[in-house]
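A, B, ... follow the sequence lines: proteins, then strands. Residue 1 opens every chain. Keep in mind that the numbers below use all heavy atoms, side chains included, and drop hydrogens, waters and symmetry copies.
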Amino acid sequence: MNSIQVTLPDGSIHQVAPGTTPLDVARGISPRLADAAIVAKVDGQLFDLNRPFEADSALQILTTKDSEALEVYRHSTAHLCAAAVLELFPETKLAIGPPIENGFYYDFDRPDKFTPDDLDRIEGKMWELQAKALPFERKLMEKAAGIEKYTAMNEPMKVELITERAGDIFTEYTLGPNFIDFCRGPHLPDTSKIKAFKLLNIAGAYWKGDEKNKQLQRIYATAWFTKKDQDEYLTRLEEAKKRDHRKIGQELDLFSIQELAGPGLIFFHPKGGIIRKTLEDWMREAYLKRGYSLVYTPHVMRRDLWKVSGHANFYSENMFAPMELDDAEYQLKPMNCPGHILIYRDRQHSYRDLPVRLGELGTVYRYERSGTMHGLLRVRGFTQDDAHIFCRPDQVEDEIVACLDFATDTLRTFGFTSYKAEISTWDGGVSGKYDGEPDKWVLAEGALRKACDRLGIEAKVIPDEAAFYGPKIDVKLVDAIGRLWQLSTVQFDFTLPNRFELEYVGADGAKHRPLMVHRALFGSVERFFGILVEHYAGAFPTWLAPVQVAVLPITDKQIPYAQDLTEKLKAAGVRAVLDDRGEKVNLKIRDAQVQKVPYMLVCGGREAEAGLVAVRHRKRGDAGAIPFEQFLETVTAEIAAKSLE
RNA sequence: GCUGGCGUAGCUCAGCUGGUAGAGCAUCUGAUUUGUAAUCAGAGGGUCGGGGGUUCAAUCCCCUCCGCCAGCUCCA
């Protein structure tokens with residue numbers, strides 16, 4: 001072969017000599033392209049820039065503008081990290097080092113533990129190697145020889161990976177004199193392309209993610225094309241830290257977790273309590289408007305119930321241990337479904353009664369392993385806005401539509417404009433791990449899809465991700481700083497109606513088994529509360545704010561006037577607080593600002609005289625003096641409208 | 001549960017690898033009566049997470065338990 005034909009995305013064709021690399025082609029186009037080039041795409045496959053073409057090819061040069069290039073860049077930085085570790089700690093065994101969102105990690109095995117000081121040293125060594133512009137060199141290896149070689153190198157985890165994953169011929173990449181790694185690649189041409197990274201922390205991680213395996217030491221790092229990108233990311237991290245609901249929860253005195261009481265158990269303080277009440281009131285009202293009934297079920301029930309429901313078997317690890325009472329064992333509820341089922345089953349139902357929608361803000365208790373709790377987001381006792389819908393097959397689709405409409409209405413009400421939906425389906429019955437009759441699966445999955453179509457919701461379908469008892473649709477919201485949170489879920493349950501032998505009498509006079517849908521929109525009230533705190537960074541919209549108006553007399557002389565206004569606000573249902581401390585307004589304003597109170601009413605001599613209030617908004621600042629009645633009207637209207645301003 | 005880090009006043013944090021603890025804010029008291037993000041002064045407040053050990057002596061060293069943080073695993 002005398003020459004190779006390379007076709008570029010714009011259709012232009014270059015004839016190049018054998019041995020030519022994508023980087024050579026890029027240089028031929030422009031030095032700037034060669035400089036910005038990170039990796040090549042040859043016939044749709046990622047390809048090292050300095051790997052010679054092997055045949056006629058379609059070539060695309062990926063630069064710092066391509067997300068795939070960023071992954072390659074991060075993976076190469078991970079290799080640099082591992083090379084630095086081997087320089088400093090030669091006895092270290094390598095596991096894997098993939099790119100992740102915002103950076104990469106690398107897992108290592110070695111007898112001694114990395115310390116924060118070691119991270120600094122490793123980072124220093126990485127820059128040292130980076131400055132040498134070390135090439136990432138690609139080599140081909142025959143599998144059997146490779147296994148032999150890595151065994152000789154005493155890299156047991158690499159041997160395992162090669163044995164499992166490598167083809168007859170596999171690739172490996174070297175970096176510097178000491179580092180060689182079984183790796184699919186591709187990589188950067190050399191380390192001089194690496195401009196910004198930072199090692200962040202050390203964590204334990206199980207080999208291959210299995211807790212039965214050995215625990216390795218994982219180094220997490222962030223890596224970016226430019227220092228600027230990295231600084232922006234680090235600033236974002238800081239921002240997220242400032243929004244942490246655990247921190248804001250303490251600063252605004254919303255809730256606490258008490259060591260004496262136990263981990264994962266939440267105490268709502270008065271200010272958190274009023275917010276929670278507002279959420280719950282809204283939800284209960286919405287239930288009633290949408291044709292749900294409100295029920296209450298016990299927190300402890302006989303273990304026999306949990307045997308019938310099956311939880312005593314498949315869910316026992318997550319349940320608080322049984323307690324002896326009289327001659328029977330009782331157990332705290334980890335779910336509300338059996339309770340609702342008992343209510344449904346307490347009497348006969350006609351097909352005309354359906355759908356029956358039983359809703360409850362039901363507090364459940366689940367045993368979570370000690371290391372897994374996290375503020376309000378992962379707890380041992382929480383309250384689900386839980387409802388179960390019992391319906392006929394012909395009603396399923398409308399019910400799902402109603403559930404999804406309810407879910408999106410909930411999101412909108414609390415200020416979330418963006419969300420994602422995922423439908424989890426079965427495997428078609430191939431594995432036999434799914435419960436329930438096939439026709440029910442087909443009906444239910446069809447209803448989920450059709451409901452999304454009807455509402456114009458774009459839902460991603462994830463095959464073989466359903467629960468064993470039925471398919472589901474999950475709604476995930478996007479918060480103020482772009483993070484994704486799992487929230488609402490609508491799930492079919494084909495198992496429990498059978499276990500409890502649920503029935504209704506059809507038009508034909510015969511008994512039929514109803515379909516059961518389980519749904520939660522907030523998911524857990526505690527968790528949703530925590531998400532809200534982070535979404536608003538503590539600055540709740542007025543209708544949710546624990547203190548809506550702070551009335552601030554300037555001197556003692558205005559206290560009677562301010563007192564009067566406070567009473568009028570309270571009488572109108574506004575959460576107003578009078579600050580009658582003998583302090584300067586500056587301090588009173590500061591305190592109200594720090595507490596993120598939406599409105600401050602400054603009351604001085606001039607205002608008291610004329611029946612005015614000088615309005616200050618926490619974000620918009622001083623808005624000037626207006627008649628009190630006018631303020632009262634606007635603030636009550638704002639609250640009634642559940643304005644998100 | 002596992003790995004690593006951490007636990008000092010209500011909060012945020014100092015405390016020089018052993019000699020029974022400090023600051024700012026908050027609280028209380030007094031003075032000040034103040035116009036849009038901190039008025040001044042004084043006072044009180046800590047079995048230095050719990051228990052055990054080493055030592056003449058432990059906030060500091062060792063063991064153990066509890067809790068918190070970052071992850072892993074698991075998950076609403």
Distance between P atoms of B:A43 and B:G50 (Å, rounded)
28 Å
Base of B:C74, side chain of A:R369 - is there a donor-acceptor contact under 3.5 Å?
no
Determine whether more than 12 heavy atoms belonging to other residues, nucleotides or ligands lie under 6.0 Å from atom CD of A:E251.
yes
Once hydrogens and angles are ignored, does a donor-acceptor distance under 3.5 Å link the base of B:G71 to the side chain of A:Y206?
no
Which whole-number value in Å describes the distance from A:N586 CG to B:G35 P?
7 Å
Interatomic distance, A:R606 CZ vs B:U34 P [rounded to whole Å]:
12 Å
Distance-minimising heavy-atom pair for A:F255 and A:R246:
CZ-CA, 4.1 Å
So A:G604, base contact, sugar-phosphate only, or nothing? Heavy-atom distance under 4.0 Å.
base
Taking atom types as modelled, is there a side-chain donor on A:Q217 or A:Y106 under 3.5 Å from an acceptor on the other?
no
Check: B:U33 base within 3.5 Å donor-acceptor of A:D556 side chain
yes
Within the 4.0 Å heavy-atom criterion, would you say A:G621 contacts the bases, only the backbone, or no part of the nucleic acid?
nothing
How many Å lie between OH on A:Y106 and P on B:U3, as a whole number?
23 Å
Report yes if at least one side-chain N or O of A:H374 is closer than 4.0 Å to OP1 or OP2 of B:A70; otherwise report no.
yes
Considering heavy-atom distances to RNA chain B, does A:S370 or A:L487 have its closest nucleotide positioned more toward the 5' end?
A:S370
Look at all strands and tell whether A:V364 reaches a base, only sugar-phosphate, or nothing, counting heavy atoms closer than 4.0 Å.
nothing
Of the nucleotides B:C68, B:A37, B:U34, which has the atom closest to the A:T555 side chain?
B:U34
Could you tell me how far apart A:Q217 (CD) and B:U3 (C1') are, to the nearest whole angstrom?
8 Å
Nearest-nucleotide pick for A:Q215, side chain only, options being B:A76, B:G35, B:U3:
B:U3
Taking atom C1' in both B:G45 and B:C60, what distance in whole Å separates the two?
24 Å
Give A:A614 one of three labels, base, sugar-phosphate or nothing, depending on what nucleic acid heavy atoms sit under 4.0 Å from its own.
base
Please give the distance between the P atoms of B:U20 and B:U33 as a whole number of Å.
46 Å
Are any of A:R246's side-chain N or O atoms less than 4.0 Å away from OP1 or OP2 of B:A70?
yes
Is the A:Y315 ring parallel, tilted or perpendicular to the A:H311 ring (thresholds 30°, 60°)?
perpendicular
May I ask you to check whether A:F114 and A:F89 place their ring centres under 6.0 Å from each other?
yes
From the set B:C66, B:U34, B:U3, return the single nucleotide nearest to any side-chain atom of A:E259.
B:C66
Looking across every strand, which nucleic acid part, if any, lies under 4.0 Å from A:N201 by heavy atom: base, sugar-phosphate, or nothing?
sugar-phosphate
Out of B:G1, B:A37, B:G4, which has the shortest distance to the side chain of A:Y367?
B:G1
Taking for each residue the nucleotide of RNA chain B with the nearest heavy atom, is it A:K208 or A:R618 whose nucleotide lies nearer the 5' end?
A:R618
With a 6.0 Å cut-off on ring centres, are A:W282 and A:F414 close enough?
yes
Can you list the steps and then say if A:T222 with A:R74 is a side chain to side chain donor-acceptor pair (under 3.5 Å)?
CA-CA 8 Å; A:T222 190; A:R74 285 173 172 157; 5.5 Å; no
Using a 4.0 Å heavy-atom cut-off across all strands, classify A:V602 as base, sugar-phosphate, or nothing.
base
Between the base of B:G4 and the ring of A:F114 - centre-to-centre under 5.5 Å, planes within under 30° - is that a stack?
no
Check: A:R378 side chain, B:C74 base, donor-acceptor under 3.5 Å
yes
For nucleotides B:C13 and B:A58, find the distance between their P atoms and express it as a whole number of Å.
28 Å
Using Watson-Crick geometry (N1-N3 plus N6-O4 or O6-N4) or G-U wobble (N1-O2, O6-N3), each under 3.5 Å, B:G18 is paired with none
When you compare B:C75 with B:U64, how far apart are their C1' atoms, in angstrom units rounded to a whole number?
30 Å
Reckon A:Y220 touches a base, only the sugar-phosphate, or nothing at all at heavy-atom distances under 4.0 Å?
sugar-phosphate
Classify the side chain of A:E607 versus the base of B:G35 as yes if they form a donor-acceptor pair under 3.5 Å and no if they do not.
yes
Determine whether any donor atom in the side chain of A:E368 lies under 3.5 Å from an acceptor atom in the base of B:C75, or the reverse, and answer yes or no.
no
Would you please confirm or rule out a distance under 4.0 Å between OP1 or OP2 of B:A70 and any side-chain N or O of A:R218?
no
Expressed as a whole number of Å, how far does the C1' atom of B:A23 sit from that of B:C2?
39 Å
Atom CD1 of A:I257 to atom C1' of B:G67: distance rounded to whole Å?
11 Å
Looking at B:A41, which nucleotide sits across from it as a Watson-Crick or G-U wobble partner, both distances under 3.5 angstrom, or is there none?
B:U29
Can you check the distance between B:C56 and B:C63, where both ends of the measurement are the C1' atom (answer in whole Å)?
22 Å
Before accepting this row, confirm whether a basic side-chain N of the pair A:K242/A:D244 lies closer than 4.0 Å to the acidic partner's carboxylate O.
no
Whether A:T372 contacts B:C75 is assessed here as follows: a side-chain N or O lying under 4.0 Å from the phosphate OP1 or OP2. Is that the case?
no
With heavy atoms under 4.0 Å as the rule, sort A:Q486 into base, sugar-phosphate or nothing.
sugar-phosphate
Calculate the interatomic distance between A:E211 atom CD and B:C75 atom P; express it in whole Å.
11 Å
Any heavy-atom pair between the side chains of A:I202 and A:Y220 that's under 4.5 Å?
no
Is a donor-acceptor contact shorter than 3.5 angstrom present between the side chain of A:R616 and the base of B:A37?
yes
Less than 6.0 angstrom separating the ring centers of A:Y292 and A:F406, yes or no?
yes
Can you check the distance between B:C48 and B:C61, where both ends of the measurement are the C1' atom (answer in whole Å)?
16 Å
Under a 3.5 Å cut-off for both distances, is B:G24 Watson-Crick or wobble paired, and to whom?
B:C11
From CZ of A:R590 across to P of B:U36 the rounded distance in Å is 16 Å
With the side chain defined as heavy atoms from C-beta on, A:I589 is closest, among B:U3, B:U36, B:A38, to B:U36
Once you round it to whole Å, what is the distance between P of B:U3 and CZ of A:F108?
20 Å
For B:G4, the Watson-Crick or wobble counterpart (both distances under 3.5 Å)
B:C69
